[in-house]
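Along the sequence shown, residues are numbered consecutively beginning with 1. First listed ligand is number 1; within each ligand, the first listed atom is number 1.
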Amino acid sequence: MCGIVAYIGNRNCKDILIGGLKRLEYRGYDSAGIAIMVSKGPKKGGSADVSIEVIKEAGKIKEMEGQAKEARVDGKCGIGHTRWATHGEPTKINAHPHRDCSGKIAVIHNGIIENFEELKSELKASGHRFISDTDTEVLPHLLEKYYDGDLLLAMQRLMGKIKGSGAIVAMSTDSPGEIVGARITSPLIAGVSRDGNFLASDMPAVLEHTRNFIVINDFETVKLTAGKVEIFDKEGKLTSRKPFKANWSIKNAEKSGYEDFMLKEIFEQPYGVKESMRGRLTNGQLHFDELGLTAEKIKDLKKVQIIACGTSYHAALIGKQVIEKWAKIPVEVDFSSEYRYRDPLVDEEYLFVAITQSGETIDTLAAIREARSKGAKVMAITNVVGSTIARESDSVIYTHAGPEIGVCATKTFTSQIIIMYLMGLYFGKIRGSLGIEDYGKIIDELHMIPNKIQNILNRADELKEIARHTFKHKCFLFLGRIFGLPAALEGALKLKEISYIHAEGYPAGEMKHGPIALTDTRTVVVGIMPEDSVYDKILSNIQEVRARKATIFSIISEGDENSKKYADHLFEMPRTIEELYGILSIIPLQLYSYYIAKNLGKDVDQPRNLAKSVTVE
Ligand code: F6R
């Protein structure tokens, strides 16, 4: 949800903080702020005379940046925050950092303090003065209350008092050479460099300055000085952990000449898909031992349970179909937010898979905890090394899509689908449910997917043109069947997210059971209709909506002359096998949604009300 960055070292921190916040803006963008420890020269007694200067503003980071640039303050220790409001409106007063009564302590926070009302009343009763509507503001006051010369100790005491989730970072003029942090569920990493040390919500925030990171674990606290990062466990005992080197580069985390991150990330899909296959599918051979499952275990699997949210849920729906079809294992797919509350059945012979690009989604994390508490072994599929879900799962399969900055999931989605295909293929081979010929054919087709995606991307202008003709419509229905259905659901989700137009993804055969009542001249129906086993069926469904005067945009297989008679707009995909249309057909839909949103002048990278990783319930 919110984004956090902090720096202490031998460089001026203002630009480091603002640069870091810009890279974190996808996590929240309704207000932003920084606090800088400013030295006013030595005091009489020899100790430094310092103050904390706070600059914050409602709106996007650039609103705050303008003021920060004008303000003649800088220092070598500071903290910054970009907010996604949970408690209190997105106003300047509610923006972080927040301060205690004395103004000596400044705090930033990502998460929710569930017992803040109770804490606030207690603090108020003992004379603390509050100015914002946020839950976060209790934190500087608690630190003020607990501080007796050691800021880290005050933070550790505070942790025992709060309920909820949070990555918390604080600094105080009484301890000017240090920044302290704490983690309860919400992500927090430390970056280590020769010029100083960092704390951040995730790696892209500081990749420009270092690739050496340490993940702060749940309930740990951390103390940063210019030369050291010290981590303390739940009991407050110093622990030691070596940094790991991230293989993400700053180039990955920049727009590289594209107008938006979303567009860049759509165009990176041939690479992300290839990378996610690399080492797993080489020269016609499938190596997937990293699943960590013995052949015996795979043969004995009774069920695969997949949980996920949003776009990752749509990848799971493709996973369900290929695992059932190729490996003959029943697969259940659940929304994490439902699974966690529905008292699910867990059995040793089930495989439990969680799909999450960020590795931080709180509903998925809670569902994993629920399943593990009932004895499940959890396999996570995620794009972020060191993420909470990666660390809390029994095994992890990484997608290698590279950092995804646009709030809308695009390249992480296609990488997740690749893992689903590989999993279905691997299980099918081991269980002997896939014939050698089919197995070989699927592998050959998978090898060609990056080029086929590239072929679609090369024709992006065709989709731009269709978007130009259709963007003024007020209702969009995305219809698909079998492997086209997850693509239809995802296409509708993309359009809703970035254009704010009402869109629905629906199984084409279900239209006549209700939604067909919606169709008239104001409706665009997007039909995902490759020439597959249900082609004739969806063709009739499309004719039904066409008869109700909807505008038809069909995504078809290359050279399908027949469908052309029933469409106002067409996009031809390279041909592939039925199952792999699941991945190909989403590419034109991503581009189509993107161009509609651009025609409407929307901010595709930071759509309203959304955030990249949903770390609150
Ligand atoms: C849509 C989107 C969201 C996420 C969902 C789950 O573009 O990004 O629907 O897919 O919030 O996020 P992860 O995969 O990080 O668990």
Show me which atoms of ligand 1 lie under 4.0 Å from any heavy atom of Cys408. 7 (O)

List the closest protein heavy-atom neighbour of atom 11 (O) of ligand 1: residue, atom name, distance to the nearest 0.1 Å. Val614 CG2, 3.9 Å

Give a yes or no on whether a salt bridge exists between Glu208 and Lys22, defined as a side-chain N under 4.0 angstrom from a carboxylate O. no

Heavy atom of the protein closest to atom 14 (O) of ligand 1 (residue, atom name, distance): Ser312 OG, 2.6 Å

Only one of Asp260, Asp605, Asp603 passes salt bridge (Lys or Arg N to Asp or Glu O under 4.0 Å) with Lys598, and that residue is Asp260

Hey, mind stepping through Asp532 and Arg481 against salt bridge (Lys or Arg N to Asp or Glu O under 4.0 Å) and telling me if it holds? CA-CA 10 Å; Asp532 57 11; Arg481 300 186 81 135; over 6 Å; no

Counting heavy atoms only, which part of Glu360 comes closer than 4.0 Å to ligand 1: side chain, backbone, both or neither? neither

Regarding Asp363 and Tyr341, do their side chains bring together a donor and an acceptor under 3.5 Å, going by distance alone? no

For the 3.5 Å polar cut-off, considering only N or O atoms, please tell me whether Glu497 and ligand 1 meet it. yes

Closest protein heavy atom to atom 5 (C) of ligand 1, given as residue, atom name and distance to 0.1 Å: Cys309 O, 3.7 Å

Taking Glu579 for the side chain and Phe483 for the main chain, is one N or O donor matched with an acceptor at less than 3.5 Å? no

Quiz question: by atom type and distance under 3.5 Å, do the side chains of Tyr592 and Thr470 form a donor-acceptor pair? yes

min-distance protein heavy atom vs atom 4 (C) of ligand 1 -> Thr311 N, 4.0 Å

Is Asp461 paired with Arg468 through a side-chain N to carboxylate O contact shorter than 4.0 Å? no

Between Thr412 and ligand 1, which part of the residue brings a heavy atom under 4.0 Å of the ligand: side chain, backbone, both or neither? neither

Protein heavy-atom partner closest to atom 13 (P) of ligand 1 - residue, atom, separation in Å: Thr361 OG1, 3.2 Å

Side-chain ion pair, Glu392 and Arg369, N-O less than 4.0 Å: yes

Any N or O of Ser358 closer than 3.5 Å to N or O of ligand 1: yes

In terms of side-chain heavy atoms, does Thr388 have a donor or acceptor partner in Arg183 at a distance below 3.5 Å? yes

Taking only heavy atoms of Val407, which atoms of ligand 1 are found under 4.0 Å from at least one of them? 8 (O)

Tell me whether Ala409 has any N or O atom under 3.5 angstrom from an N or O of ligand 1. yes

If you count the atoms of ligand 1 from 1 in the order shown, which ones are under 4.0 Å from a heavy atom of Lys494? 1 (C), 7 (O)

